[in-house]
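Here is the structure we will look at.
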Amino acid sequence: MNLTRYALRRLLLGAVQVVAVATLVFVLTEALPGDAAVVLAGDIPDEERIAQLRHALELDRPAVGRWADWLAGLARGDLGVSLVSGRPVAEVLADGLPPTLVLAGITLLLLVPLSVGAGVIAAVRHGRLLDRVLTTVTVGLYSIPEFALGVVLVALFAVRLGWFPPTAVGAPPNLLEQPALLVLPLVVLLARPVCSISRLVRAGMIDALASGYVAHAGRLGLSPWRVRLTHALPNALAPGVQQLARTTDWLLGGVIVVESVFVIPGLGTLLNDSVAARDIPVIQALCVLFATTTVAVNLAADLGAYRLVPAGAR
């Protein structure tokens with residue numbers, strides 16, 4: 001199977017997965033206890049007000065009809081209207097997207113060189129002191145939950161030493177205008193994925209360096225680092241690429257935790273606030289956005305891994 005046919009198959013499967021997730025999200029939000037109209041009506045609601053809200057929210061219609069209309073709206077790019085603010089959901093998401101994109105984007109930009117570099121260095125120094133130190137550090141960091149690591153970093157570097165801001169309260173809308181604010185959140189987001197990906201790169205690199213084709217390349221007179229980077233590394237990256245996709249999925253959840261700890265007004269904070277306020281259209285839109293991102297990232301990773309795997313091994 002060539003790359004084009006493989007990509008089309010995965011794209012079709014991804015579309016089915018997004019529809020399935022959207023349907024599951026709708027079913028789960030329908031199963032939530034309580035009544036959104038009662039919540040929105042206030043502390044002492046009257047029956048007439050509740051009835052008006054149920055009609056305005058179309059909660060008096062059959063669930064199947066609302067599900068079909070919602071999916072049709074998603075296909076047109078219509079995410080609905082927030083029950084709390086009355087604004088289009090797309091605008092609400094657009095307000096919370098920049099901080100999340102900044103955190104996730106910088107994390108991914110730093111993640112690849114840090115994890116690949118650490119994995120290659122550990123593999124080249126296999127069995128030596130540097131390899132043992134890197135392995136010990138990565139195992140230790142990976143065992144610490146993100147929330148706990150964030151609290152410890154805030155207590156030590158923000159509260160005790162005063163090197164970095166503890167939260168984003170009062171920060172400018174563009175987080176890049178205050179880079180010090182990003183240091184601790186980025187450390188939390190990078191800690192676990194750097195550990196997991198570097199260990200995979202290390203293992204793949206050790207196998208590649210022990211292979212016959214690498215030994216043959218060395219006998220041809222190529223420099224050791226050229227052999228490692230141009231012959232061994234590409235074949236060691238396939239597991240790391242797939243783990244990078246899983247890491248990107250994890251970032252969606254990790255960003256929610258980090259935004260909660262550091263009070264960053266991104267999509268994670270928006271999701272927490274929407275759940276507390278039972279703003280169902282925003283919750284549904286965020287879940288579909290996360291699902292679509294997950295499918296797209298995994299598709300890109302599968303295509304990258306497929307391209308890196310030698311033809312005879314497919």
Side-chain angles (χ1 to χ4, degrees), residues 100 102-161 163-164 166 181-210 228 232-233 235-262 264 266-268 290 293-294 297-298 300-302 304-305 308:
T100 300
V102 168
L103 282 176
I106 297 178
T107 300
L108 290 176
L109 286 176
L110 295 175
L111 175 61
V112 174
L114 287 176
S115 56
V116 172
V120 170
I121 292 173
V124 171
R125 300 293 181 181
H126 178 50
R128 302 180 186 177
L129 177 61
L130 182 58
D131 178 31
R132 292 197 293 269
V133 170
L134 288 174
T135 300
T136 301
V137 171
T138 54
V139 171
L141 275 179
Y142 191 82
S143 64
I144 303 176
E146 299 83 19
F147 184 83
L149 180 60
V151 171
V152 170
L153 292 178
V154 168
L156 178 59
F157 293 103
V159 177
R160 185 176 182 82
L161 298 177
W163 291 357
F164 305 104
L181 180 63
L182 297 173
V183 174
L184 297 182
L186 288 174
V187 170
V188 176
L189 288 174
L190 283 168
R192 298 192 76 184
V194 165
C195 296
S196 59
I197 296 177
S198 64
R199 288 178 61 80
L200 283 174
V201 172
R202 172 186 176 274
M205 196 70 178
I206 290 173
D207 291 340
L209 291 174
R228 294 164 185 163
L233 183 58
N235 291 311
L237 284 180
V241 169
Q242 293 176 325
Q243 180 63 26
L244 181 62
R246 290 190 287 269
T247 298
T248 305
D249 297 343
W250 170 85
L251 274 178
L252 297 175
V255 165
I256 294 175
V257 174
V258 166
E259 288 180 355
S260 299
V261 172
F262 295 96
I264 296 174
L267 294 182
F290 291 161
T293 303
T294 298
V297 168
N298 278 280
D302 288 346
L308 289 172

Less than 4.5 Å apart, side chain to side chain, heavy atoms only: is that true for [X] and [Y]?
X	Y	answer
V188	L153	yes
F164	V154	no
L184	F157	yes

How close do [X] and [Y] get, heavy atom to heavy atom, and via which atoms?
X	Y	value
A191	L149	CB-CD2, 3.6 Å
T107	L190	O-CD2, 3.4 Å
E259	T100	OE2-OG1, 2.7 Å

Does I106 form a side chain to side chain contact (heavy atoms under 4.5 Å, CB included) with L182? I'd like the steps, not just the answer.
CA-CA 9 Å; I106 297 178; L182 297 173; 4.0 Å; yes
Trace of the side chain to side chain contact (heavy atoms under 4.5 Å, CB included) decision for L267 with F290
CA-CA 10 Å; L267 294 182; F290 291 161; 4.3 Å; yes
Which side-chain N or O atoms in residues 113-122 pair as donor and acceptor under 3.5 Å with protein atoms at least two apart or in another chain?
{"from": "S115", "atom 1": "OG", "to": "L111", "atom 2": "O", "distance (Å)": "2.6"}
{"from": "S115", "atom 1": "OG", "to": "V112", "atom 2": "O", "distance (Å)": "3.3"}

Once you round to the nearest 0.5 Å, how far does CG of L103 lie from CG of L181?
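Answer for the CG-CG pair, L103 versus L181, is 8.5 Å.
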Taking only residues two or more places apart in sequence or in another chain, which ones pass ring pair (Phe, Tyr, Trp, His ring centres under 6.0 Å) with Y142?
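Ring pair (Phe, Tyr, Trp, His ring centres under 6.0 Å) list for Y142, sorted by chain: empty.
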Can you pull the side chain to side chain donor-acceptor pair (under 3.5 Å) pairs that have at least one residue in residues 197-206, sequence neighbours excluded?
H126-R202, D131-R202
